[in-house]
Structures are given as structure tokens and as C-alpha cells.
Amino acid sequence: SMEKQQAATNAALAMFQRLGMNIDVAGDAYARFAISSTAAGFSIEQTQKVFGSVGQALGVVGASAQQVEYAMYGLTQMMQKGKVSSEEFNRQIGEQIPGNAAVGARAMSALLGRVVEVSEFFDLMAKGQIQSATFAPAWAAELDKMYSPLRGLVDLRPDVALNRLKNAFTLFALEVGKSGFMSGMGR
């Protein structure tokens, strides 16, 4: 329904603002990820949770807009393929998020109920035995455990403050456009 779509959009915009992500960059990446994650059977809440966890980790490590795009592209590809592969997980995402391999191994440990070393995690990934729809929520939870305690660092960064200001202007311009205020001024 339109109400659900509007609520989901508002929740996504609030998440971008909270994380200090540029709406234009994050919005495009989120739209692509939402399509692939929904196709994989994720709810809107699960989609936002995984995207938000990755976004938070990228924010904590000070990823540039280009690095965020690259990591989110890898995340979307991982969901589209249905399996976690080294190309996306290690190269596209892992190069942007320090400690990602260890986080992935901890997520597999949680899923399997036993300790999974990084080498075994890589082996499972190489054999195509990790389903992205099952893995992504566990990985997001482990990312949160690692990066949530460092979240305060994000709020101190000037680029994050600037993104939030730009986002506020973008949202303001959208609201002004919807209201018809500017077309009324031209009369």
C-alpha cells in the first residue's frame, strides 16, 4: 500500500540521516539493495537492518562516498547471486570494512552453533555453501557488535555533519516542491 511505502521511505531517510550518509548516494544504493533483498525474501525491516549495519560500519571507518557505493554494490550483488562469494564479500565489501573476514567467521559460528575459523569460512565461501539470505542477517548482527560501540566517533566527523546538513536541505527542497509554494510565488 501507499502508506507502507511512504513509511518505509521515511524510515530509510531517517536511517541515512542518523548514519550521516548522503541521501543521494545512499538512496540509490538502498533502492538497489531493497529490490534484491526483497526478491530473496527479506522483509522491509530486515532490509533496513542489514543495510543500516553495513552503513554504520562504513561510517565508523570513515568510508568515502565512493567506498560506500562500492561496498553497497557488493552487498546487492551478494543478495542477487544468492550465495556469498569472495568477489563481493572480500573485495567489494571487505576492502572497505576492516575486520570483515573475522566478522563473517563469527556470523557463520553463530549460524552453525560452533566455532568457525576464518580459513574455514573462506573455504565454505569458495565452495558456494553460504546462502546470502541466511548469512546476511547474522553478519549484520556481528557487524553491529563490532562497530556499534564506536558509533559515537561518526557524530564527531565534519563530513557527517555536512552530509546531514545537505540531507536536510534536500528534504526541505522536496517538501517545498510538493507544497507548490514555488509555483505559487511565480504568479
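Atom set for the values below is all heavy atoms of this structure, side chains included, hydrogens, waters and symmetry mates excluded. The model shown is predicted, which means the values in this text are computed figures rather than measured ones.
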- Item | Trace of the side-chain contact (heavy atoms from CB on, under 4.5 Å) decision for Tyr30 with Thr47 | CA-CA 9 Å; Tyr30 181 76; Thr47 296; 3.8 Å; yes

- Query: Given the rule in the side-chain contact (heavy atoms from CB on, under 4.5 Å) test, do Met72 and Leu58 qualify, once you have shown the distances and angles that lead to the verdict?
  - Reply: CA-CA 10 Å; Met72 293 305 186; Leu58 290 164; 4.0 Å; yes

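Atoms OG and CD, from Ser64 and Gln96 in turn, are 7.5 Å apart once rounded to the nearest 0.5 Å. Going from atom CZ of Arg106 over to atom CE of Met146 covers 6.0 Å, rounded to the nearest 0.5 Å. Here the OG1 atom belonging to Thr38 is positioned 9.5 Å from the CD atom belonging to Gln46, to the nearest 0.5 angstrom. Atom CE of Met108 and atom CD of Glu117 lie 13.0 Å apart (nearest 0.5 Å). The distance from the CG atom of Leu143 to the CD atom of Gln56 is 8.5 Å, given to the nearest 0.5 Å. Distance check, rounded to the nearest 0.5 Å: CD of Gln80 to CG of Leu75 gives 10.0 Å.
Atom CZ of Phe122 has more than 12 neighbouring heavy atoms from other residues, nucleotides or ligands inside a 6.0 Å radius.
The ring of Phe121 has its center closer than 6.0 angstrom to the ring center of Phe89.
A distance-only check finds a donor-acceptor pair linking the side chain of Ser36 to the backbone of Phe33 [under 3.5 Å]. A donor-acceptor pair under 3.5 Å is absent between the side-chain atoms of Glu69 and the main chain of Gln66, judged by distance alone. Side chain of Ser132 to main chain of Val84: no donor-acceptor pair is present (N/O by atom type, distance under 3.5 Å, no hydrogens or angles).
Comment: Lys127 engages Asp123 in a salt bridge, judged by a side-chain N to carboxylate O separation of less than 4.0 angstrom.
Residues Leu124 and Phe135 fail the side-chain proximity criterion, which asks for heavy atoms closer than 4.5 Å. For the pair Phe42 and Pro137, the minimum side-chain heavy-atom distance is below 4.5 Å.
None of Gln77, Met125, Gln92 except one satisfies the side-chain contact (heavy atoms from CB on, under 4.5 Å) rule with Glu87; the exception is Gln92.
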